[in-house]
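Keep in mind that this is a model prediction, so the values were computed, not measured. Note that these values count all heavy atoms, side chains included, but never hydrogens, waters or copies made by symmetry. Residue numbering restarts at 1 for every chain, and letters A, B, ... go by the order of the sequence lines.
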Amino acid sequence: MADYRPQALDKKWQERWTSARAFEVTEDPSRPKFYCLEMFAYPSGHAHVGHVRNYIIGDVMARTKRMRGFNVLHPFGWDAFGLPAENAAIKSGIHPETSTLANIAHMKGQLQRLGISYTWEREFATCEPTYYKWNQWLFIKMFERGLAYRRRSSVNWCEKDQTVLANEQVVDGGCWRCGTPVTTRDLEQWFFKITEYADDLLESIEQLGQWPDKVLTMQKNWIGRSEGTRVQFGEIEVFTTRIDTIFGATCVFLAPEHPLVEKYAAESDDPAAFRKRAIAFRTQDRTARLTGEIEKEGFFTGHNVVNPFTNEAVPVWIANFVLGEYGTGAVMAVPAHDQRDFEFATKYGLPIRVVVQPNPAVGGTPKKLDEAYVDYGRLVSSGEFTGLTSEAALARMGEWVEQKKIGKRTVQFRLKDWGISRQRYWGTPIPMIYCDTCGIVAVPYDQLPVELPKVTNFTGRGDSPLAQVPEFVNVPCPTCGGKARRETDTMDTFVDSSWYFYRFCDPRNDTLPFEPARAKYWMPVDFYSGGVEHAILHLIYSRFFTRVFRDLGMVDHDEPFKHLLTQGMVLKDGAVMSKSKGNVVDPDDMLQKYGADALRLYVMFVAPPEKEVEWSDAGLEGSWRFLARIWRFVDQWCDAARGAPSTATFGAEGLNQAERQLRRRTHETIRRVTVDVEQRIHLNTAVSALMELVNDLYAYGETLTIGPPRPQARAVLREAIDALVIMVSPFAPHTAEELWERLGHVDGLTKTPWPSFDDQAAKPEEIVIPVQVNGKLRSRLTVPAETPESELRALALADSAVRAHTDGKTVKSVIVAKGKLINVVVA
RNA sequence: GCCGGGGUGGCGGAACUGGCAGACGCACAGGACUUAAAAUCCUGGGUUCGGCAACGAGCGUGCGGGUUCGAUUCCCGCCCCCGGCACCA
């Protein structure tokens with residue numbers, strides 16, 4: 001008997017798949033398509049089992065769908081630009097391109113050794129000019145439509161990485177990459193106008209029925225829609241969501257960044273002191289200011305404006321807690337009905353006027369408030385609006401404002417435009433040229449790509465490395481031919497990953513980013529999996545780019561990803577694996593010990609794909625044992641099964657009880673595994689079902705020890721073994737292929753259809769029905785499957801164990817849940 | 001504070017539409033095979049009480065209530081853990 005030696009099988013079958021180009025596909029309108037995608041990889045060097053889990057999940061889906069008759073696109077590529085490679089270059093002097101390509105080569109080898117069924121024919125890396133050319137093309141398209149624009153603004157800045165960060169890249173006030181506290185700088189930057197699509201992005205969330213709630217919530221929170229009204233208080237426009245409280249607005253607060261601050265400073269008695277105080281607010285720790293951990297402070301500007309509802313003059317203050325970047329940068333202060341305004345007003349002795357009462361009213365107007373009343377209620381002291389509920393007042397007062405032309409009802413978003421300029425080298429050059437006479441000019445399409453020049457000296461200084469290359473910077477203006485300068489910033493690498501899934505549809509196209517007809521066939525991605533850490537950044541940017549392509553007329557769908565799975569992390573010793581912690585499990589070590597299939601199977605079996613799991617060597621060994629158990633069984637019964645007649649040859653009555661039983665278990669397992677993998681994505685229970693079938697096979701094997709099996713036995717064995725080998729193949733493809741070959745099949749598993757489920761064969765002849773008395777289990781009835789309800793009722797009442805609990809009592813009713821359970825209710 | 005997810009044996013987890021709680025695996029224990037061990041095959045196990053045992057009775061899915069013949073599942077009120085947003089006007 002040949003022992004199970006998976007390592008040799010891995011190599012043998014990987015070579016066969018490669019030489020047969022077994023996973024390359026073309027558009028085929030006659031078959032349903034399935035686009036299966038795992039988030040492509042940043043080539044950090046080595047993939048650990050946490051990374052690899054995601055690729056295995058995708059591979060199980062892809063391999064299953066292929067056998068289920070789908071035309072499956074399952075590509076892979078590399079998110080190859082990015083800071084770590086450049087930071088390494090500053091330290092080691094190794095050029096980012098060199099290290100990136102080496103890392104890709106290594107990681108590709110790791111994935112191939114795992115037998116992931118990628119169509120490597122479509123592989124690309126985003127650092128290739130043939131890819132980033134289309135980033136530039138798209139940038140210019142967006143520039144032409146006003147979706148890419150340049151402005152000076154205060155931006156998030158990471159001192160350590162010496163570059164700008166998008167809002168999405170600031171996590172808890174620190175850099176998402178290194179955690180360094182984020183500061184601000186004023187810089188000229190390129191922005192993508194994602195806010196143009198804020199409503200669209202938010203509303204379409206309802207269409208994402210196959211995305212996890214968690215991710216939808218995060219996106220909703222991130223977009224942060226609120227309805228309100230903009231109103232002029234004289235020359236100051238404020239934004240409020242509570243216009244129903246406007247009769248209580250006794251003050252107006254400006255953000256220290258507000259444009260009027262400078263004007264008021266100039267008009268004040270001591271402009272220098274005024275400015276100094278405002279600047280002090282502006283430079284207060286950004287994180288603390290954003291999270292409200294600072295003391296509320298402010299000062300009077302010396303100016304008053306008019307509350308348009310009361311026609312009273314109200315003072316204008318500058319307050320440190322008002323944010324310049326949200327709304328209009330100015331708020332009306334209603335101390336009685338907003339807790340922050342209340343605290344501020346109490347501190348500085350500003351008037352507090354109650355204009356909303358709880359509804360129904362709880363006594364008269366309180367003399368003194370302890371805190372703001374922030375709930376909705378009924379309006380008091382509000383002129384013609386007095387007596388309205390808050391809800392009614394919001395509508396009526398909004399209309400009033402619009403009639404008087406002093407403001408309008410609007411929707412405000414938290415989402416801001418996406419700053420994409422990065423003062424770094426290893427990214428896509430922004431294809432723009434600055435000419436003194438013509439202004440900002442796009443590089444003509446026929447001059448794309450603007451190639452990244454070879455810079456060899458990485459200093460890590462704050463200016464763009466590309467600025468050090470005069471041949472790159474100094475170019476003639478495309479419009480007038482005069483002297484001009486190139487943009488020296490590169491694009492945020494999240495631009496690269498926002499549309500790569502379209503490129504996989506047509507990766508070698510050199511006239512367009514992709515042929516619309518091809519994208520139409522393959523898109524949207526049917527199954528997309530990756531880490532939750534991309535729930536906001538990557539997934540919102542990709543949805544934005546899809547809308548840009550849509551509005552360019554290149555695609556006709558709104559959403560790029562139909563089903564999203566956020567895979568859980570693999571922990572070691574309770575912590576996320578990382579090189580610095582030294583708790584990394586390298587898949588290659590596991591492959592050497594147990595082979596690719598045991599690793600694949602274990603990672604799928606240990607927990608549902610979206611759950612975090614703790615790595616366990618013992619668990620891996622258990623999965624290896626399961627494969628060896630299949631191996632031994634097939635080895636023992638291979639000859640009997642090979643060439644056995646089909647079960648269809650024998651009528652149901654031709655099979656004995658054990659044979660019918662095995663057949664039933666086979667078909668039950670087909671049903672369970674198919675549903676678990678294809679519909680429920682419960683890959684762990686699919687594996688359990690296969691384990692149960694193997695246990696059944698062993699039990700059946702016990703009954704066959706004497707003499708050679710009869711044809712009927714060989715038939716049910718063959719059916720069970722074939723189904724088992726096919727169904728285990730998405731999890732353990734190398735072992736399965738080898739067994740399949742030994743079973744005498746000529747076509748490999750990549751060309752074999754999934755077994756079909758026979759409802760009749762799966763139907764049990766006898767069923768066990770639990771019998772409860774008053775909801776407590778007392779007995780079980782073993783009866784023919786089709787026993788009528790009346791008979792079940794009689795049998796249950798006659799059962800001795802049941803009668804022990806019913807004798808001497810009145811049977812009130814007998815509930816029969818069809819095929820499931822009987823409950824006798826007694827008093 | 002607001003929004004979302006979760007809490008089940010020693011451990012990972014299962015229970016699909018309200019119907020036998022703990023499938024499957026890990027670890028553990030016992031048996032068979034073996035001179036012995038490993039490997040393999042078989043068996044056992046939520047917990048308490050009674051019994052040599054087969055078995056029987058009670059309790060049991062974070063806590064407290066409720067609906068129901070019946071609740072891990074539905075409803076109400078709490079506690080705890082994880083994730084997101086948050087001086088956002």
Q) Hey, does the Lys NZ or Arg CZ of A/R340 hover above the aromatic six-ring of A/F321, less than 6.0 Å from the centre and inside 45° of the axis? A) no
(Q) Heavy-atom nearest nucleotide on RNA chain B for A/N774 versus A/V687: which residue maps closer to 5'? (A) A/V687
Q | 5' precedence on RNA chain B between A/D338 and A/K611 (nearest-nucleotide basis) | A | A/K611
Mind listing the N/O atom pairs, protein and nucleotides 31-34 of chain B, below 3.5 Å?
none

Q. What distance do A/F233 atom CZ and A/T328 atom OG1 have between them, rounded to the nearest 0.5 Å?
A. 10.5 Å
Q | Nearest-0.5 Å distance, CZ of residue A/F247 to CE of residue A/M397 | A | 5.0 Å
Would you tabulate the nitrogen or oxygen pairs shorter than 3.5 Å linking the protein to nucleotides 16-20 of chain B?
{"from": "B/C16", "atom 1": "O4'", "to": "A/R680", "atom 2": "NH1", "distance (Å)": "3.1"}
{"from": "B/C20", "atom 1": "O2", "to": "A/R780", "atom 2": "NE", "distance (Å)": "3.0"}
{"from": "B/C20", "atom 1": "O2", "to": "A/R780", "atom 2": "NH2", "distance (Å)": "2.3"}

(Q) Can you tell me whether the side chain of A/D213 and the base of B/G4 have a donor-acceptor pair closer than 3.5 Å? (A) no
Q | Chi class for B/G9: syn within 90° of 0, otherwise anti | A | syn
Q: Answer with yes or no after comparing the ring centroid distance for A/F626 and A/F605 against a 6.0 Å cut-off, counting only values under it.
A: no
Q | Integer angstrom distance from the P of B/A14 to that of B/G9 | A | 14 Å
**Q.** OP1 or OP2 of B/G25 under 4.0 Å from side-chain N/O of A/R625
**A.** no
Q: Dot-bracket notation for RNA chain B is requested: 5' to 3', Watson-Crick or G-U wobble pairs only, both distances under 3.5 Å, with ( ), [ ], | and . as defined.
A: (((((((..(((......[....))).(((((.......))))).(((((....)))))..(((((..]....))))))))))))....
